[in-house]
Amino acid sequence: MTTKIWFLTGNHGKVAEAQHHLRPLGYEVIQLMPDGVTITEPQADTLREVALSKIEQAKHHLPSEDDLLLVEDAGLFVDALDDFPGVYSSFVLRTLQCSGILRLLNHLISEDPVQSAKVRSARFEAVAALWDGSEVIFGQGVCPGSIAYQVTEGEGFGFDPIFIPSDLDEFGEPLEPGNYGVLSTHGATFGAVGQEIKEAFSHRTRALDDLIRQLKANQGQ
Ligand code: ITT
């Protein structure tokens, strides 16, 4: 039997990634955008607070009480910018865009390759929250990587055109930057690889897997 998950988000890229990942696991993901209801995203300090606020606002608008409600909040955290833009990622994408992040990092450029790699080190983080009708379950995912030198055209959304994920080891776990793994985009950004390749590395995949693992444990599966 397929379980319906209503995904509250205005971001079609997120929906496509969640559908692609969760369909084979037996979940039908449908985008939820309740008519005439404005869901506000609070300016909070953590992704978890933002996700919880969206669940609280949306749970009364679920089409059926038997269905599940999903929200997910993500952000790009750049080490050399003290984790900026982080929880401000949506605002920064709308205003500075990807090219603005590159300009900020260019001010910090170093001739030393080791220092230069540190300057560009970054990660995506995602918190997925699921309302199952009685409680909220949280899943977390991190994707370490680095910021490219140029914006690449191609697939993906948001900061994908400037984010290069770290290689993965044989267990699918990310390696420290600079190490070669069994799975690699060979320096290509998320924007330059297809959705399936992004999925192997992505913070979203990891957050959703974490969530589904807990959901199944709660259901005794
Ligand atoms: P919601 O309606 O779900 O909130 P959003 O696009 O505002 O959609 P977030 O607040 O979670 O999503 O994301 C903050 C910003 O980070 C936003 O500009 C996204 O485009 C970007 N972002 C999130 N996940 C990303 C990913 O996997 N790749 C690239 N950029 C991403």
Side-chain angles (χ1 to χ4, degrees), residues 5-22 29-34 37-58 61 69-78 81 83-102 122-131 138-148 151-166 174 185 188-209 211:
I5 297 183
W6 292 92
F7 190 178
L8 177 85
T9 176
N11 185 322
H12 301 291
K14 281 185 175 184
V15 178
E17 288 183 12
Q19 283 173 334
H20 189 260
H21 187 60
L22 295 181
V29 177
I30 311 159
Q31 186 169 15
L32 176 66
M33 296 177 74
V37 180
T38 310
I39 306 288
T40 51
E41 190 162 319
Q43 195 57 72
D45 290 338
T46 64
L47 298 175
R48 191 179 165 113
E49 285 172 71
V50 178
L52 184 58
S53 161
K54 286 200 257 182
I55 287 271
E56 292 300 335
Q57 294 177 66
H61 302 287
L69 169 66
L70 172 68
V71 305
E72 188 249 81
D73 219 67
L76 176 70
F77 296 77
V78 181
L81 301 177
D83 283 350
F84 182 80
V87 289
Y88 305 101
S89 291
S90 288
F91 177 73
V92 168
L93 189 73
R94 277 199 310 277
T95 50
L96 296 179
Q97 303 175 343
C98 287
S99 54
I101 297 284
L102 299 191
R123 67 191 183 280
F124 269 122
E125 286 189 19
V127 170
L130 190 99
W131 167 249
F138 291 97
Q140 303 201 46
V142 179
C143 174
S146 60
I147 303 297
V151 178
T152 41
E153 300 298 331
E155 300 192 41
F157 64 90
F159 296 106
D160 283 344
I162 56 165
F163 185 82
I164 303 167
S166 295
T185 67
T189 64
F190 271 160
V193 299
Q195 185 176 296
E196 272 182 40
I197 296 179
K198 177 179 175 184
E199 201 177 305
F201 295 85
S202 145
H203 46 297
R204 179 155 303 105
T205 304
R206 288 169 195 278
L208 291 174
D209 282 345
L211 195 70

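Note that the structure is predicted; figures quoted are calculated from it, not measured. What you see below is based on every heavy atom in this structure, not just the backbone, and it leaves out hydrogens, waters and symmetry mates. For ligands, and for the atoms within them, numbers begin at 1 and follow the listed sequence.
To the nearest 0.5 angstrom, Lys198 atom NZ is 10.0 Å from Thr189 atom OG1. For the atom pair OG1 (Thr46) and CG (Asp73), the distance works out to 9.0 Å, reported to the nearest 0.5 Å.
With a heavy-atom cut-off of 4.0 Å, Phe157 touches ligand 1 through backbone and side chain alike. If you look at Arg94 next to ligand 1, there are no close heavy atoms at all, none under 4.0 Å.
Listed by number with element, the atoms of ligand 1 under 4.0 Å from a non-hydrogen atom of Gly10 are 2 (O). Listed by atom number, the atoms of ligand 1 under 4.0 Å from His203 heavy atoms are 24 (N), 25 (C), 26 (C), 27 (O). Distances below 4.0 Å separate heavy atoms of Glu41 from the following atoms of ligand 1: 4 (O), 10 (O). Every atom of ligand 1 with a heavy atom of Lys54 under 4.0 Å away is listed here by number and element: 1 (P), 3 (O), 4 (O).
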query: Can Phe124 and Asp160 be said to form a side chain to side chain contact (heavy atoms under 4.5 Å, CB included), step by step?
result: CA-CA 10 Å; Phe124 269 122; Asp160 283 344; 4.3 Å; yes
task: Let me see the working for Ile164 and Thr185 under side chain to side chain contact (heavy atoms under 4.5 Å, CB included), right down to the final yes or no.
output: CA-CA 8 Å; Ile164 303 167; Thr185 67; 4.1 Å; yes
- request: Output, in order, the C-alpha distance, side-chain angles, deciding distance and verdict of side chain to side chain contact (heavy atoms under 4.5 Å, CB included) for Glu72 and Thr9.
  value: CA-CA 8 Å; Glu72 188 249 81; Thr9 176; over 6 Å; no
field: Working for side chain to side chain contact (heavy atoms under 4.5 Å, CB included), residues Glu17 and Glu199
entry: CA-CA 7 Å; Glu17 288 183 12; Glu199 201 177 305; 6.0 Å; no
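Annotation: Ala74 places an N or O atom under 3.5 Å from an N or O atom of ligand 1; distance criterion only. Ligand 1 has no nitrogen or oxygen under 3.5 angstrom from a nitrogen or oxygen of Glu17. Residue Phe159 has at least one nitrogen or oxygen atom sitting less than 3.5 Å from a nitrogen or oxygen atom of ligand 1, judged on distance alone.
Lys198 NZ, 2.7 Å is the protein heavy atom nearest to atom 27 (O) of ligand 1. Nearest protein neighbour of atom 20 (O) of ligand 1, counting heavy atoms only, is Gly158 CA, 3.4 Å. Annotation: atom 3 (O) of ligand 1 to nearest protein heavy atom, Thr9 OG1, 2.6 Å. At the shortest separation from atom 28 (N) of ligand 1 among protein heavy atoms lies Asp160 OD1, 2.6 Å. If you check which protein heavy atom lies closest to atom 19 (C) of ligand 1, you get Asn11 ND2, 4.2 Å. In terms of protein heavy atoms, atom 18 (O) of ligand 1 is closest to Leu93 CD2, 3.3 Å. Shortest contact from atom 17 (C) of ligand 1 to any protein heavy atom: Ser90 OG, 3.7 Å. Summary of contacts: the protein heavy atom closest to atom 12 (O) of ligand 1 is Lys14 NZ, 3.1 Å.
For the pair Leu93 and Pro85, the minimum side-chain heavy-atom distance is 4.5 Å or more.
Not close to ligand 1: Phe190, with no non-hydrogen atom less than 4.0 angstrom away.
Classified by interplanar angle (parallel below 30°, tilted 30° to 60°, perpendicular above 60°), the ring pair Phe190/Phe163 is tilted.
Glu155 pairs by the salt bridge (Lys or Arg N to Asp or Glu O under 4.0 Å) definition with nothing, not counting sequence neighbours. Residues forming a salt bridge (Lys or Arg N to Asp or Glu O under 4.0 Å) with Glu49 (at least two apart in sequence, or on another chain): none.
Taking 4.0 Å as the cut-off between side-chain N and carboxylate O, Asp83 and Arg123 count as a salt-bridged pair.
A distance-only check finds no donor-acceptor pair linking the side chain of Ser166 to the backbone of Pro174 [under 3.5 Å].
Atom 16 (O) of ligand 1 has its nearest heavy-atom neighbour, among Ala51, Ser89, Pro85, in Ser89.
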